[in-house]
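Just so you know, these numbers use all the heavy atoms, side chains as well, and skip hydrogens, waters and symmetry mates. If you read the sequence from its start, that first residue is 1, and numbering goes on from there. Order of appearance sets the numbers: ligands from 1, and atoms from 1 within every ligand.
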Amino acid sequence: MQTITQKFNVEEVRKDFPILQREVNGKRLVYLDNGATAQKPQSVIDSLNNYYTQENANIHRGVHTLSQEATSAYEEARVQMREFLNAQHTEEIIFTKGTTDGINLVASSFGRFNLKEGDEILITAMEHHSNIVPWQMICEEKGAKLKVAPINDQGELILDELYDLITERTKLVAIVHISNTLGTVNPVKEIIAKAHEKGAKVLVDGAQSAPHMQVDVRDLDADFYVFSMHKVFGPTGVGILYGKKEILESLPPYQGGGDMIKTVTFEKTTYNELPHKFEAGTPNIADGIATKAALDYLQQFSWDEIHNHEMELLEYATKRLKTIEGLRIIGEAKEKASVISFVIDGVHAYDLGVLVDKMGVAVRTGHHCTQPLMERFGILGTVRASFAFYNTKEEIDVLVNAIERAKNMLI
Ligand code: PMP
């Protein structure tokens with residue numbers, strides 16, 4: 001759902017992000033680590049400042065003005081998130097700490113409630129550790145089996161094999177929408193439909209998709225969709241779990257405490273309704289409210305404009321990086337987001353990352369919390385450049401020159 005008021009102009013957009021004006025090691029910052037976390041526009045920073053200077057109060061319980069104002073702002077953010085995701089009900093939007101927290105919530109609540117010995121959870125070979133370890137933990141506890149769908153050398157899921165791995169024992173398929181390491185965009189709508197045919201529920205890890213594409217949870221028919229606001233130009237420490245109302249209603253709470261209860265006696269506690277049942281304790285109020293500022297900011301543009309700009313960056317960067325001798329791109333799926341991982345013969349990723357940082361360029365190096373994926377490709381780690389809509393082709397030129405210089409120093 002878009003409210004388009006501004007035409008996308010990258011130079012104008014950059015002015016909204018104060019950090020992009022700073023220097024690092026005496027050079028203009030070239031920030032290409034958006035997959036790890038995105039920068040924040042001034043409006044998000046202002047929202048945080050405004051909350052602490054004007055609105056700070058605990059929410060949901062107070063009768064005084066400040067508490068009511070803070071509660072309204074927090075709940076408005078939830079309503080806007082419902083629109084952003086095209087969810088049917090506002091109470092399907094649960095505020096969490098982030099993607100990891102959302103997956104742990106589902107693994108714990110859904111897993112404890114639904115898994116029996118011999119049941120199966122299906123993940124894929126390209127999952128982030130956050131979408132592996134919580135499932136391993138709950139499978140171990142319940143005597144369930146964790147199965148892993150394979151990928152090909154381009155970094156795409158082998159769909160026939162994935163579908164064969166979904167059986168009548170599969171309770172849940174947990175799958176990443178866009179791989180943070182490879183950039184692969186997975187056909188999650190099709191996978192969800194196939195999983196549903198076999199009676200399995202699906203959780204989508206949207207950590208890398210929410211910043212890059214329109215997510216319509218109803219069109220996808222996702223049972224759960226999780227992401228972190230800090231990658232969507234919002235604050236750290238707040239994330240979203242979307243879950244279908246009837247499923248969330250059927251599940252037990254994740255944590256106990258204030259706000260998630262209706263009545264408490266020492267003999268018995270009754271639980272609050274959605275979404276509060278899953279939001280025990282004082283939430284991250286300031287950051288929850290600033291979520292609305294991030295969505296307001298993003299919704300000035302159309303997804304097409306953002307997508308077109310990012311695809312231009314991806315194409316340009318891929319072409320330019322391929323001119324570097326000895327450089328090999330890891331992840332060449334047909335459907336890719338603006339993420340490029342690569343290795344260079346004879347160069348350690350870490351050394352390259354440190355040297356290009358001296359030239360003002362921020363890239364990620366290492367296993368990107370996908371160690372099993374590194375093993376699949378027989379490598380220890382990669383260098384990853386991940387682009388946001390505020391990046392430019394000139395910055396890609398700076399990156400390529402920095403890599404050439406660093407490589408000459410290292411070989
Ligand atoms: N899944 C994917 C695909 C990610 O890229 C990330 C962040 N790198 C996560 C999960 C975890 O996100 P967070 O650390 O914000 O919980």
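Judged by a 6.0 Å distance limit and a 45° cone about the ring axis, K393 is positioned over the six-membered ring of Y316.
Applying the ring pair (Phe, Tyr, Trp, His ring centres under 6.0 Å) test to every pair with at least one member in residues 329-359, sequence neighbours left out, gives no pairs at all. Residues in residues 101-111 take part in these side chain to side chain donor-acceptor pair (under 3.5 Å) pairs, two or more places apart or across chains: S108-R112.
A salt bridge is absent between D16 and K40; no separation between the charged side-chain nitrogens and carboxylate oxygens falls under 4.0 Å.
Partners of F17 under the ring pair (Phe, Tyr, Trp, His ring centres under 6.0 Å) rule, at least two apart in sequence or in another chain, are Y297, Y390.
Listed by chain and number, T99, T100, H128, S130, V176, N180, D205, A207, Q208, S228, H230, K231 each place a non-hydrogen atom less than 4.0 angstrom from ligand 1.
Checked by atom type, the side-chain pair D46/Q42 shows a donor-acceptor distance below 3.5 Å.
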